[in-house]
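Residue indices begin at 1 and follow the sequence shown. Note that the structure is a prediction, hence the values are computed from the model and not measured.
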Amino acid sequence: MQIGKLRHIAMSVPGLEKAASFYEQAFGFNRETTSSYQIRMSDGTVNISLLKFPTDGDAGDERGKDYVGLHHIGVWVDDLAEAGKQVKQAGGRLHSLDEAKIAVENAEVKYRDPFGVVIDVSTRGWHGAKKD
């Protein structure tokens, strides 16, 4: 069995700057990159992406732009095909990105777990994350 590493957590927030300032002050996370809809932060091992999507389409699924909370997690793996097989055998399914208007970086394949949680699976990792 291939073991993945949790290295990415994405949260939809109502205010990017307020959320980023909180994680800097409360936990000492460092800002890695910023765009119009995202601030990426890191604790040195895990990437934390704070998201504020401009439109429902940009959010990429039924939750839309106004959703606040855990948006998805990211797991760093060695083999995408093997990871996909394991996800499906465990009861997960592919997650369609047909609605997304913003390019998804590092999410080589997106799945949903049996309860609907979105999981990015990547062999490239995320800015500010370390595989091991």
Side-chain angles (χ1 to χ4, degrees):
M1 168 180 254
Q2 175 175 218
I3 303 296
K5 302 283 186 176
L6 177 63
R7 292 295 182 261
H8 172 65
I9 300 168
M11 296 177 284
S12 290
V13 298
L16 287 175
E17 189 57 41
K18 185 175 182 177
S21 292
F22 170 79
Y23 285 101
E24 284 174 325
Q25 293 172 23
F27 302 108
F29 293 171
N30 295 311
R31 291 183 195 219
E32 297 290 324
T33 61
T34 301
S35 74
S36 62
Y37 70 94
Q38 174 179 225
I39 296 177
R40 289 184 180 159
M41 306 187 81
S42 177
D43 68 356
T45 303
V46 176
N47 162 290
I48 312 293
S49 290
L50 304 172
L51 306 168
K52 174 82 172 111
F53 295 109
T55 69
D56 287 338
D58 294 329
D61 61 35
E62 73 284 352
R63 295 172 292 180
K65 69 179 181 62
D66 295 324
Y67 171 78
V68 173
L70 177 68
H71 193 269
H72 62 273
I73 63 170
V75 179
W76 198 331
V77 300
D78 292 323
D79 184 318
L80 283 177
E82 182 61 26
K85 186 167 65 171
Q86 288 174 197
V87 168
K88 290 174 186 174
Q89 286 174 346
R93 67 186 191 286
L94 279 171
H95 173 55
S96 172
L97 286 176
D98 293 340
E99 298 295 314
K101 306 288 189 284
I102 295 173
V104 178
E105 295 179 53
N106 299 92
E108 294 174 69
V109 182
K110 281 188 171 279
Y111 294 95
R112 285 196 185 237
D113 76 5
F115 311 103
V117 175
V118 177
I119 305 162
D120 292 356
V121 177
S122 176
T123 59
R124 297 183 300 224
W126 294 267
H127 298 282
K130 291 183 182 174
K131 185 174 181 186
D132 294 314

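Taking both residues in full, the closest heavy atoms of A20 and M41 are given as O-CE, 3.5 Å, listed atom of the first, atom of the second, then distance. Heavy-atom minimum distance, R63 versus L70: NH1-O, 3.5 Å. Taking both residues in full, the closest heavy atoms of A10 and L51 are given as CB-CD1, 3.8 Å, listed atom of the first, atom of the second, then distance. Shortest non-hydrogen contact noted between D113 and F115 is OD1-N, 2.7 Å. Contact detail for A129 and S42: the closest heavy-atom pair is N-OG, 4.5 Å. Taking every heavy atom of both residues into account, K65 and P54 meet most closely at CD-O, 3.3 Å.
You'll find the side chain of E32 stays beyond 4.5 Å of the side chain of N47, heavy atoms only. Between Y111 and V121 there is a side-chain heavy-atom pair separated by less than 4.5 Å. Under the 4.5 Å side-chain criterion, counting only non-hydrogen atoms from C-beta, Y37 is not in contact with D58. M11 places a side-chain heavy atom less than 4.5 Å from the side chain of Y23. Using a 4.5 Å cut-off on side-chain heavy atoms (C-beta onward), T123 and V77 make contact. Side chains of K5 and K130 form no contact here, defined as non-hydrogen atoms less than 4.5 Å apart. With contacts defined as side-chain heavy-atom distances shorter than 4.5 Å, the pair H72/D61 does not qualify.
Residues forming a side chain to side chain contact (heavy atoms under 4.5 Å, CB included) with S21 (at least two apart in sequence, or on another chain): E17, E24, Q25, R31. T34 pairs by the side chain to side chain contact (heavy atoms under 4.5 Å, CB included) definition with I39, not counting sequence neighbours. Judged as a side chain to side chain contact (heavy atoms under 4.5 Å, CB included), and not counting sequence neighbours, D66 has no contacts.
Here NZ of K52 is found 14.0 Å from CD of Q38. Values are rounded to the nearest 0.5 Å. One finds the OG1 atom of T45 at 11.0 Å from the CG atom of L6 (value rounded to the nearest 0.5 Å). Distance check, rounded to the nearest 0.5 Å: CZ of R112 to CD1 of I119 gives 10.5 Å. For the atom pair E108 CD and S122 OG, the distance stands at 4.0 Å (nearest 0.5 Å). Atom-to-atom distance recorded for T33:OG1 and H127:NE2 is 5.5 Å, nearest 0.5 angstrom. Of the inter-residue distances, the one linking L16 atom CG with S36 atom OG reads 9.0 Å to the nearest 0.5 angstrom.
Residue F53 is not grouped with residue Y67 when hydrophobic side chains (ILVMFWY) are merged at heavy-atom distances under 4.5 angstrom, including chains of intermediate members. Under the 4.5 Å side-chain heavy-atom criterion for ILVMFWY residues, a single connected hydrophobic cluster contains both F27 and V46. A single hydrophobic cluster is seen to contain both I73 and L94, as judged by linkage of ILVMFWY side chains at heavy-atom distances under 4.5 Å, directly or through other members.
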Practice prompt. Walk me through it: do D120 and K110 pass the test salt bridge (charged side-chain N to carboxylate O under 4.0 Å, His left out)?
Written response: CA-CA 5 Å; D120 292 356; K110 281 188 171 279; 2.4 Å; yes
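When the shell of 6.0 Å around NZ of K85 is examined, it contains 12 or fewer heavy atoms from other residues, nucleotides or ligands.
Panel note: side chain R7, backbone G125; no donor-acceptor pair is recorded below 3.5 Å.
Using cut-offs of 30° and 60° for the angle between ring planes, the H8 and W126 rings count as parallel.
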